[in-house]
Novice: 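Below is the structure I would like to discuss, written out as structure tokens.
Source: prediction; values computed, not measured.
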Amino acid sequence: MNAPDSNSVSLDLFTLPADERYAYFIREAIARDGVWALQGPGGFVAFRDEDERDCFPFWPSPELAAAVANDDWADCRPEPLALEVFMERWLKGMARDERLVSVFPAVDGTGIVVEPLELYEDLSQLKTR
């Protein structure tokens, strides 16, 4: 019997509560040195929250990002972002532009939406350990 691929992920992760998915996202982003977004013909996907603020979703692996590429996002594909680029360009730029981050949203749309600098701090704290 072959050992399981260490890069494979289980879609069962979507069944975790949002706060556990958030913690998983942080750990995996550090371990993989990157995150994934979905990109389509019009650019990176985003949605609006109940206050009409733009939210950009990110996932800890390409497989998990691809799993939500359906319905409105069916023409999108996972796009990798190096962790340093994500933190320094994306998160800081999103904070400046008053946008939010949706961390590891599930297929049903549930997830944690945070301010970009909050995620930046959480990633920075774990990175320095």
Novice: Indicate the atoms forming the closest heavy-atom contact of Arg32 with Pro60, along with that distance.
Specialist: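 Looks like CD-O, 3.1 Å.
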
Novice: Looking only at heavy atoms, what is the nearest atom pair of Leu16 and Arg21, with distance?
Specialist: O-NH1, 2.8 Å

Novice: If Ile, Leu, Val, Met, Phe, Trp and Tyr residues are connected whenever their side-chain heavy atoms lie under 4.5 Å apart, and connections chain through other members, are Trp36 and Ile26 in the same group?
Specialist: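 Each belongs to a different hydrophobic cluster.
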
Novice: Within this structure, what is the CD-CD1 distance for the pair Glu28 and Ile30, rounded to the nearest 0.5 Å?
Specialist: 10.5 Å

Novice: Quick one: are Thr110 and Phe14 in side-chain contact, heavy atoms under 4.5 Å?
Specialist: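 SC-SC contact between Thr110 and Phe14 ruled out.
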
Novice: What's the spacing between Asp75 CG and Gln39 CD if we round to 0.5 Å?
Specialist: 11.0 Å

Novice: Between Leu83 and Ala29, what is the shortest heavy-atom contact and its length?
Specialist: CD2-O, 3.7 Å

Novice: Of all the heavy-atom pairs spanning Ala67 and Val107, show the shortest one and how long it is.
Specialist: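 Of all heavy-atom pairs spanning Ala67 and Val107, the closest is O-CG2, 3.8 Å.
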
Novice: Got a list of side-chain donor-acceptor pairs under 3.5 Å for residues 91-106, not counting sequence neighbours?
Specialist:
{"from": "Lys92", "atom 1": "NZ", "to": "Glu88", "atom 2": "OE1", "distance (Å)": "2.7"}

Novice: Tell me whether Arg89 at atom CZ has more than 12 heavy atoms from other residues, nucleotides or ligands lying less than 6.0 Å away.
Specialist: no

Novice: Drop me the distance from Tyr22's OH to Glu118's CD, to the nearest 0.5 angstrom.
Specialist: 5.0 Å

Novice: How long is the gap from CG on Asp33 to CG on Leu81, to the nearest 0.5 Å?
Specialist: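 Nearest 0.5 Å value for the CG-CG distance: 11.5 Å.
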
Novice: Take a 6.0 Å sphere around CG of Asp19 and say whether it holds more than 12 heavy atoms from other residues, nucleotides or ligands.
Specialist: yes

Novice: Using the rule given for side chain to side chain contact (heavy atoms under 4.5 Å, CB included), can you reason through Met87 versus Ser124, listing the C-alpha separation, both sets of side-chain angles and the distance that settles it, and then say yes or no?
Specialist: CA-CA 9 Å; Met87 291 177 68; Ser124 293; 3.3 Å; yes

Novice: Is the shortest heavy-atom distance from the side chain of Phe25 to the side chain of Leu119 under 4.5 Å?
Specialist: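 A side-chain contact exists here, since the closest heavy-atom pair is under 4.5 Å.
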
Novice: Would you name the heavy atoms of Leu64 and Ser10 that are closest together and state the gap between them?
Specialist: CD2-O, 4.0 Å

Novice: Establish whether Val45 and Val113 are linked, either directly or via other cluster members, by ILVMFWY side-chain heavy-atom contacts under 4.5 Å.
Specialist: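 No, Val45 and Val113 fall in different hydrophobic clusters.
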
Novice: Decide yes or no on side chain to side chain contact (heavy atoms under 4.5 Å, CB included) for Val68 and Trp59, but give the supporting numbers first.
Specialist: CA-CA 10 Å; Val68 299; Trp59 293 269; 3.1 Å; yes

Novice: Give me the atom names and distance for the closest heavy-atom approach of Ala66 to Leu38.
Specialist: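 Result for this residue pair: N-CD2, 4.5 Å.
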
Novice: Which residue pairs pass the ring-ring contact (aromatic ring centres under 6.0 Å, His included) test with at least one member in residues 71-101, sequence neighbours excluded?
Specialist: Phe44-Trp90, Phe58-Phe86, Phe58-Trp90

Novice: Counting distance only, does the side-chain N/O of Asp49 pair as donor-acceptor with the main-chain N or O of Asp51 below 3.5 Å?
Specialist: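 Here the side-chain-to-backbone pair exists.
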
Novice: Could you tell me the separation between the CG atom of Leu123 and the CZ atom of Arg27, rounded to the nearest 0.5 Å?
Specialist: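 Here the interatomic distance stands at 12.5 Å.
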
